[in-house]
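Here's the structure we're looking at; comments come further down.
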Amino acid sequence: MTRFDRYMLSQFMVLFGFFSLVLVAIFWINKAVRMFDRLIGDGQPAWVFLEFTALTLPGVIGMVLPIAAFAGAVYVTNRLSTESELTVVQATGYSPFRLIRAAAVFGVIVALIMSLLSHYLIPTSLSELRQREAEVRQSISARFLEEGEFLHPAPGITFYIRDISPEGELRDVFLSDRRDADSPVTYTSTQAYLVQDPGGTKLVMVKGLAQTLRADGKRLFTTHFDDFSYDISRLIARNPTGLNKAEFAHTADLILRPDEISEQTGASLDELQFILHSRFTQALMCIVAAMIGFATLLLGSFSRFGVWWQILMAFVILVVIKLIESSVTSMAISDSTKWPFMYLPAGLGFLTTLGLLNFAARPGLLRRLIPKRRNAAGGAA
């Protein structure tokens, strides 16, 4: 690469990093706020929240990379055009096909980052997140082990423990269940234990009393019991982060063990085929986004008003390609034999880039296709 290519590539990478940082911050904060409500509301410490949000970061980065690549390419090309740097370089003999070399290298770099994320980092981080969530669920009973405090683990539930012995015995337990407004129930016992079993976490109360108030007749029913089991795992929201998805399987597993992954996640083999190929097409779309953002802004001549119409055109082209990508998605999911169509949007993007470069290298083609300005000038004469 020449010095000018390295200069352009450095500008692309700087602006790409800036837009990536801004977009990741926006999307990550939005996701972190929702996760904060779930985890802190469940009584988890702040470090668990930070760990969980950090594990979601690779997925957020992968989501914004194509957008950041397109925005960086458009911004840098627009600045080079308005400051006449592209005009000077083109006057030295650089053709549009030669100028796009730096943009192509930039797109390949972004595609490699996307490949690392989609094939390894995202599945690994979300798999770890799934494991950590299971561990938190197993230790969720810790939120009930606070002495002398009235806890509200779920709407309509109040829980109180006077004391906890060194052996783990809960003394003087109070549990109020008001989720059924017509029949609230209050449990009290002198002793209780938290027991883990395959079905979830159980609160076993010993030597207690259950009081049920019937709202219709305003009657109070009391029941003395020697031992009573209460399933507290029902108070915990099930699968709050939606981790049991086929998208979190590793690429090697999708290739080598599709039947097993399908059984674990409930996804069909057609869906797994789509997920596998989508990880490759995501990297290709990063290259397409960068090259279209650059090639479109090479159209037309220098203008004091900037290249706003080229920017709008680049945005429209990218939107059309994304619409085509959405249309072939359902086709590939419903029929795994049509997976080659998933590469159609990227192929159209590369063909569009070649067409734009051809128009930029031969500005006379545009004048012949759009002769309005020349005809208007002739009519005025």
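When every heavy atom of L299 is checked against every heavy atom of Q310, the shortest pair comes out as O-NE2, 2.6 Å. Looking at every heavy atom in both residues, R214 comes nearest to S183 through NE-OG, 3.6 Å. Taking all atoms of both residues into account, the shortest heavy-atom contact from T251 to S118 is OG1-O, 4.3 Å. Heavy atoms only, all atoms of each residue included: T186 and S176 are closest at OG1-OG, 4.1 Å. The minimum heavy-atom distance linking A290 with G107 is given by the pair CB-CA, 4.0 Å. Across all non-hydrogen atoms, the minimal contact from P184 to D182 is CD-C, 3.7 Å.
Of the possible polar contacts, none joining the Q211 side chain to the T222 backbone as a donor-acceptor pair under 3.5 Å is found. Side-chain N or O atoms of S125 include one that pairs as donor or acceptor with a backbone N or O of I122 at under 3.5 Å. Within the 3.5 Å criterion, the main-chain N or O of Y7 finds no donor-acceptor partner in the side chain of D5. In this structure, the side chain of S81 does not engage the main chain of T77 through any donor-acceptor pair within 3.5 Å. When atom types are taken as modelled, the side chain of S20 and the backbone of G17 share no donor-acceptor pair closer than 3.5 angstrom. In this structure a side-chain-to-backbone donor-acceptor pair under 3.5 Å is missing from S262 to P258. A donor-acceptor distance shorter than 3.5 angstrom exists from the side chain of T82 to the backbone of R79, with no hydrogens or angles considered. When atom types are taken as modelled, the side chain of S189 and the backbone of G208 share no donor-acceptor pair closer than 3.5 angstrom.
Side-chain contact between H277 and Y343 is present, with at least one heavy-atom pair separated by less than 4.5 Å. Counting heavy atoms from C-beta on, the side chains of F4 and V89 come closer than 4.5 Å. Annotation: side chain of F19 is not in contact with side chain of I67 (no heavy-atom distance under 4.5 Å). Two residues are said to be in side-chain contact when any heavy atoms from C-beta on lie closer than 4.5 Å; V173 and Y187 fail this criterion. I261 is listed as a side-chain neighbour of L254, based on a closest heavy-atom distance under 4.5 Å. A heavy-atom distance below 4.5 Å is found between the side chains of V64 and F27. The side-chain heavy atoms of L117 and L65, taken from C-beta on, include a pair separated by under 4.5 Å. Put simply, the side chain of Y94 reaches to within 4.5 Å of the side chain of T2, judged on heavy atoms.
Between F159 and F150, the ring centre distance reaches or exceeds 6.0 Å. Ring-centre distance between F174 and Y160: not below the 6.0 Å cut-off.
When L298, T353, L354 are each tested for a side chain to side chain contact (heavy atoms under 4.5 Å, CB included) with I100, only one passes: T353. Across I321, V320, V319, a single residue satisfies side chain to side chain contact (heavy atoms under 4.5 Å, CB included) together with I317, and that is I321.
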Evaluate side-chain contact (heavy atoms from CB on, under 4.5 Å) for F350 paired with M291, printing each intermediate quantity in order.
CA-CA 8 Å; F350 288 118; M291 295 180 68; 4.0 Å; yes

Begin from the C-alpha positions of R171 and T190 and carry the test side-chain hydrogen bond (donor to acceptor under 3.5 Å, both in side chains) through to its verdict.
CA-CA 5 Å; R171 297 170 179 170; T190 57; over 6 Å; no

Steps toward side-chain contact (heavy atoms from CB on, under 4.5 Å) verdict (L116, L121):
CA-CA 6 Å; L116 178 63; L121 292 181; 4.0 Å; yes

Give the C-alpha distance, both sets of side-chain angles, the deciding distance and a yes or no for side-chain contact (heavy atoms from CB on, under 4.5 Å) between I26 and I29.
CA-CA 5 Å; I26 294 173; I29 290 174; over 6 Å; no

Could you walk me through whether Q90 and L99 pass the side-chain contact (heavy atoms from CB on, under 4.5 Å) test, one step at a time?
CA-CA 8 Å; Q90 286 177 307; L99 284 173; 3.6 Å; yes

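The local environment of CZ in F315 is sparse, with at most 12 non-hydrogen atoms from other residues, nucleotides or ligands closer than 6.0 Å. Environment of CG in D226: sparse, with no more than 12 heavy atoms of neighbouring residues, nucleotides or ligands closer than 6.0 Å. Crowding of F18 atom CZ: a count of heavy atoms from other residues, nucleotides or ligands under 6.0 Å not exceeding 12.
Clustering ILVMFWY residues whenever any of their side-chain heavy atoms sit less than 4.5 angstrom apart, transitively, puts W339 in the very cluster that holds L256.
In this pair, F106 and F12 present their aromatic rings parallel. The plane angle is below 30°, not in the 30 to 60° band.
In this model, a donor atom of one side chain and an acceptor atom of the other lie less than 3.5 Å apart for R178 and T158.
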